[in-house]
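By convention in this document, chain letters (A, B, ...) are assigned in the order of the sequence lines, proteins followed by strands, and residues within each chain are numbered from 1.
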Number of protein chains: 2
Amino acid sequence: MRNGSHITLDDIAKKLSVSRVTVSKALRGHSDISVEMTKKVIKTAKELGYSPNIIARSLSSRRSNMIGIVVPKIAHYFFSRVIEGVYDTAFENRYETILTVSQENSEREWKHLQTLVSMRVDGIIISISQETQDLKRFKWIRKMGIPLVFVDRRPEAQLSGFSTVSNNDREGAFQAVEHAIKIGYRKIGFIGGNLHINIGKNRIQGFEDALNEYRIPINHEWILQGGFGKEDGYNGLKHFHQKGSMPEFIFAATYPVALGIYEAAKELGVRIPDDVDIICFGDSDVARFLSPALSAVRQPARELGARAVQILLENINNQKVTKEHHVILPTELVIRGTCAAKKAQSNKIEIHDTPR
Amino acid sequence: MRNGSHITLDDIAKKLSVSRVTVSKALRGHSDISVEMTKKVIKTAKELGYSPNIIARSLSSRRSNMIGIVVPKIAHYFFSRVIEGVYDTAFENRYETILTVSQENSEREWKHLQTLVSMRVDGIIISISQETQDLKRFKWIRKMGIPLVFVDRRPEAQLSGFSTVSNNDREGAFQAVEHAIKIGYRKIGFIGGNLHINIGKNRIQGFEDALNEYRIPINHEWILQGGFGKEDGYNGLKHFHQKGSMPEFIFAATYPVALGIYEAAKELGVRIPDDVDIICFGDSDVARFLSPALSAVRQPARELGARAVQILLENINNQKVTKEHHVILPTELVIRGTCAAKKAQSNKIEIHDTPR
DNA sequence: TTGTAGGCGTTATCAA
DNA sequence: TTGATAACGCCTACAA
């Protein structure tokens, strides 16, 4: 908002010697106004370079036509696709999207939520940070009467009154681990996630379910939880290596975790998939160009975002009937270079002598 | 902006039997107000669950504390890093960022710019779409008195009154191609970009300068321009293949272009780097895990965004002295698997029989 | 230290 | 079909 040089409705009204209201209505194509008048108004608005003041409009109409979104990260394939879905869908529905990024920091997330409320967004979409445990903030939002939809990540704890859009995390993880078992792996580990967030909980659930179903004992030394980032994968593999106890196969809770594992493996001279094989939850556009090509549980990221917006808009427009929706989209197992077939020498590599 | 249930300054004022102004000042820590009063106000504000209405504040103060940013793409390593830099820097300066995405579409970009102006953002950062040629929109913004800074992509045509932040595109391209020449390549091609955008112009300029400097004739059949996307790389390589005239080495104008080349190569059975070697402008976090590991001209993407915000804020706060800044950040050549050494058999592969 | 008056640019309501 | 008036919630300037 700058040097007061902006043209206002009054400017147009004066020039045309009509009232401000007439101009306002004409510009919005109100049927009240004569066609002739409308044309005149639009013409001079253009001439004067009129740009409607959305802020004033929002204040007056008590409707901002903005939705807010909070994500943990942005330079991250999954989220950037989700965001894309959100933006495109919102745009199609003439909504502006206010993006905020928590950087996996719970405090920052809280600040962003408060800001979005202060901006009087009409609704909020959120995928929570890996640190977030506090439910108060969501109850507050609910009390404020602002519709909120969770995409992908949400608190695992009981929390009603919000719609959710997510993947079938348990099933996706199950399928991946089942596949690993079927090609012969038995020493199977898990890196990433945590239990207070739905995706962490459900993905490890799928992991355990698969092992149980095939009666494979779970070795808790091979389960490393914490966060969803690259550093978690990196530290995880290093940890296994250091302890001299490496699983043959690792299920990575997210794509960044898998990247971290690639990174550590390279550094340690651990060969993928020969020494440790791997699959992860979450695909990426470059996964098939990686060396080795990374297998993954593909999530319909873009659609996740799109659905979230649709549900949110529905909530916004039917404030009274606001029922909860819980959409679960299926995943798809994509097998590439990793997790393709168990390498012959897998029992050759032993605990104490990680090669290279 | 919802069901009118929001607490306002008046609510707090009434409860405390003071005036609205007192509350407003107290909440903003104005020195006018007694410590005691301030405490009381803050306390009841908290009790009532007060959330300041930023919209009203903006309208009244004629300052939105928002900056707008327009980028061509979001699920794109470079831009997501730029955006990250913008967000973090804006956040540190208590500015909210309104992100819009043109999806490489000039019309959409124009709409977004109008929306940002309508939102009365205090300033705008933009990296233009590959289609954008029209300068009128920028002149309009200038006339509106809204500071605007170009990051990375801007119109190549003469346009004054705006600050710019970019890489040393010519130099970066030059170094990359020079490197290719030094390791022995002579049949060198270029894919991506176009001449009406600075980065397209400068990168090919660097390319040509390098060839000229080393007195290597330029084969225009091996220069393919158009856009900056994956599809351009993909179509580019296919085109070379189809025509039966393949360079030994390709400089890709962007990282997505390189990915497109990888894709096409895989499909066609063209081997990288044996049949065609490659380097691209723009690094990525996974480049070193690609097969083969992709060499690149690294851009300080995050810093680009950060600097743009700094300059923009400076422009916003010194509306009068608003001088143009033109920051050019250096790039860094990162050699990995590709472009590492010329393969011996390079003159074996001939035009008509692209090997398997 | 606190309060009053006026205005920011729109829209909604009701009257002409 | 048009217009006058009163919000919307806050801030600035000035007065008490």
Check your understanding: Just checking, is any N or O donor in the side chain of Ser106(A) or Arg137(A) under 3.5 Å from an acceptor N or O on the other one?
Key -> yes
**Study point:** Donor-acceptor pair under 3.5 Å, Ser60(A) side chain vs dT10(C) base
**Key:** yes
**Study point:** OP1 or OP2 of dG3(D) under 4.0 Å from side-chain N/O of Arg20(A)
**Key:** no
Exercise for review: Please state how far atom CZ in Arg120(B) lies from atom P in dT10(C), giving the value in whole angstrom units.
Suggested key: 7 Å
Review point. Rounded to whole angstrom units, what separation is found between the CG atom of Asp11(B) and the P atom of dC10(D)?
Key: 9 Å
**Study point:** Residues Glu36(B), Lys39(B): salt bridge by 4.0 Å N-O rule
**Key:** no
Check your understanding: Of all the choices, dT12(D), dT4(C), dC10(D), which nucleotide is nearest to the side chain of Tyr50(B) once you look at every atom?
Key -> dC10(D)
Check your understanding: Under 4.0 Å between a side-chain N or O of Ser19(B) and OP1 or OP2 of dT2(C)?
Key -> no
Review point. For Lys14(A) and dG3(D), what is the distance between atoms NZ and P respectively, to the nearest whole Å?
Key: 14 Å
Point to revise | Nucleotide dT10(C), atom P - distance to CZ of Arg57(B) in whole Å | key: 21 Å
Check your understanding: Can you tell me how far C1' of dG9(C) sits from CZ of Arg63(B), to the nearest Å?
Key -> 19 Å
Check your understanding: Can you check whether Ser61(A) has a side-chain N or O nearer than 4.0 Å to OP1 or OP2 of dT10(C)?
Key -> no
Review point. Of all heavy-atom pairs between Leu135(A) and Gln158(A), which one has the smallest distance, and what is that distance?
Key: CD1-O, 3.6 Å
Point to revise | Between NE2 on residue His325(A) and CD on residue Glu314(A), distance to nearest 0.5 Å | key: 4.0 Å
Exercise for review: Whole angstrom is fine here: how far is it from CG in Leu59(B) over to C1' in dC11(D)?
Suggested key: 10 Å
Review point. Are Ser34(B) and dT2(C) close enough that a side-chain N or O sits under 4.0 Å from OP1 or OP2?
Key: yes
Check your understanding: Mapping Ala56(A) and Val18(B) onto DNA chain C by nearest heavy atom, which one lands closer to the 5' end?
Key -> Val18(B)
Review point. Under a 4.0 Å N-O cut-off, is there an ion pair linking Lys111(B) with Glu107(B)?
Key: no
Check your understanding: Rounded to whole angstrom units, what separation is found between the NZ atom of Lys39(B) and the C1' atom of dT1(C)?
Key -> 17 Å
Review point. Donor-acceptor pair under 3.5 Å: do we get one between Arg62(A)'s side chain and the base of dT11(C)?
Key: no
**Study point:** Spacing of Lys25(A) atom NZ relative to dA16(C) atom C1', expressed in whole Å
**Key:** 12 Å
